[in-house]
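Bear in mind the structure is a predicted one, so any value in this text is a computation, not a measurement.
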Amino acid sequence: MSFLKHYVKGFKVFSPDWTCRGFQYEVGKTYEEDVIPSVRGRGFHFCKQAKDCFNYYIFDPNNKVAEVIALGDIAEKGDKCYTNIIKIEREITWEEVLSIVNTGKECTGLCNSGNCNSGHSNSGNFNSGNFNSGNRNSGNRNSGHSNSGNRNSGHSNSGHCNSGNCNSGHSNSGNFNSGNFNSGNRNSGHSNSGNRNSGHSNSGHFNSGNCNSGHWNQGDFCTGDFNISDHETGCFCTEEHKIRLFDKESDMTFRQWRNSEAYSILCRIPFEPTRWIWADDMTDEEKAEHPEHKTTGGYLKIRDKTDCCKKWWNGLNQKEKQVIKNIPNFDADKFFLITGIKTD
């Protein structure tokens, strides 16, 4: 930050009614505040270069643009300045604005500092889109190169919001994805962290099924490889197999287990390591321990999980407890070892 005191010319953008932050201005008048200018917002703000104003205001022809003169102290940081004395020297027409903000060559758009740009606010070259810092972008707000989509930080993307390269989908951090929300590479499906998946939500690779952590699966929810059945932990399986319960073989498939009443009841165990407590629900002791609630509106409570299973069990009725005891191969000792609950 620099702190100066001299005559400085600059530019300032106003709303259509010549107001800024609720303050009314008028061309030709000088305004003074009894403050020490600060980059934290004290004083009248302006920019030395017209193009920098549009880092803070949208490029709207309905707004007013003026050449200003700072006559007092000046606090300066980056492309923004603050002064305690400012004169609104003259209004600038939008035709003149377009001429001022383009510093590159053969520019037909706005705020271009590169060359051959037809878009707006480009610092790279050969951009036809808007607000690009990379090169050869036809989309908008790209920091990478050769993008036809928008908001890409990677290169050669035709989709939007990609940080990877060569994506035609959206919001990918990986490369060569045609699907969306992939962090892996060469996926045509969506939300994959693995590679070369045509299915969705896979952490493994080469899956055409969904939600697989294994590889080359056509089925869903597989941790093994090369399976066309679902919920498979083995490899090269075509059928859903029975699962073990309490370390013994059962007559249930994993799908049947997940659809069972016992599983539904077990899902009610309150495994919540944290819980958000709103300020209105906080005790006086909690408010004293967490003064930040005045700013955040509450606090994140760390919960004791050691007795959550016991609390869950004590809240069940006799019928629900019997459903749990009827799980195939039920073993009271192993159930106690895992949950801490004595069922006898």
Just by distance, do the side chain of Ser250 and the backbone of Ile243 share a donor-acceptor pair under 3.5 Å?
-> yes
Does Asn317 reach the main-chain N or O of Lys319 with its side chain, forming a donor-acceptor pair under 3.5 Å?
-> yes
d(Lys29 NZ, Tyr25 OH) to nearest 0.5 Å is 13.5 Å
Under 4.0 Å between a Lys/Arg side-chain N and an Asp/Glu carboxylate O for Arg268 and Glu320?
-> yes
Looking at Phe336, is Lys342 sitting on its ring face, NZ or CZ under 6.0 Å from the six-membered ring centre and within 45 degrees of the normal?
-> yes
Measure up the Phe335 and Phe330 rings against each other and bin them: parallel (under 30°), tilted (30 to 60°), perpendicular (over 60°).
-> tilted
Step through it carefully: locate the ring centre of Tyr82, locate the ring centre of Phe44, and say whether they are under 6.0 Å apart.
-> no
Salt bridge between Lys242 and Glu249, side-chain N to carboxylate O under 4.0 Å?
-> no
From NE2 (His215) to SG (Cys222), nearest 0.5 Å = 12.5 Å
Working to the nearest 0.5 Å, report the span between NZ of Lys321 and CD1 of Ile341.
-> 9.0 Å
With a 4.0 Å cut-off, would you call Lys48 and Asp79 a salt bridge?
-> no
When you look at NZ of Lys9, are more than 12 heavy atoms from neighbouring residues, nucleotides or ligands closer to it than 6.0 Å?
-> no
For Glu26 and Ile88, which heavy atoms make the closest approach, and how far apart are they?
-> O-CB, 3.7 Å
Please say which of His293, Glu289, Glu286 ends up in a side-chain hydrogen bond (donor to acceptor under 3.5 Å, both in side chains) with Tyr299.
-> Glu286
If you round to the nearest 0.5 Å, how far is NZ of Lys12 from NZ of Lys64?
-> 15.5 Å
State, to 0.1 Å, how close Asn217 and Asn227 come at their nearest heavy-atom pair, and which atoms those are.
-> OD1-N, 2.9 Å
Where do Thr83 and Ile85 come nearest, in terms of heavy atoms and distance?
-> OG1-O, 3.1 Å
Donor-acceptor contact below 3.5 Å, side chain Asp220 vs main chain Asp230 | no
Could you go through the side chain to side chain donor-acceptor pair (under 3.5 Å) check for Glu240 and His231 one step at a time?
-> CA-CA 7 Å; Glu240 289 191 46; His231 304 288; 5.2 Å; no
Is the number of heavy atoms from other residues, nucleotides or ligands within 6.0 Å of CG (Asn314) greater than 12?
-> yes
Minimum heavy-atom distance Phe14-Cys20, with the two atoms named = CD2-CB, 4.1 Å
Can you tell me how far OG1 of Thr339 sits from CH2 of Trp312, rounded to the nearest 0.5 angstrom?
-> 7.0 Å
List the steps, then state whether side-chain contact (heavy atoms from CB on, under 4.5 Å) holds for Glu89 with Val68.
-> CA-CA 5 Å; Glu89 183 72 2; Val68 300; 5.8 Å; no
Heavy-atom closest pair (Asn202 atom, Asn210 atom, distance to 0.1 Å) is OD1-C, 3.4 Å
Is a salt bridge present between Lys80 and Asp52, judged by a nitrogen-to-oxygen distance below 4.0 Å?
-> no
Going by heavy atoms in the side chains, are Ile86 and Thr30 under 4.5 Å from each other?
-> no
Is there a donor-acceptor pair closer than 3.5 Å between any side-chain N or O of Glu232 and the backbone N or O of Gly234?
-> yes
Can you tell me if Asp331 uses its side chain to pair, donor with acceptor, with the backbone of Asp333 under 3.5 Å?
-> yes
Ignoring hydrogens and angles, tell me if any N or O in the side chain of His205 forms a donor-acceptor pair with the backbone of Asn195 under 3.5 Å.
-> yes
Could you pull out the closest heavy-atom pair between Thr19 and Gln24, with the gap in Å?
-> CG2-OE1, 3.1 Å
What is the ring orientation for Trp276 with Trp278, classed by angle as parallel under 30°, tilted 30 to 60°, or perpendicular over 60°?
-> perpendicular
Aromatic Tyr31 / basic Lys87 pairing, under 6.0 angstrom, 45° off normal = no
Between atom CD of Glu261 and atom CD1 of Ile327, what is the distance when rounded to the nearest 0.5 Å?
-> 10.5 Å
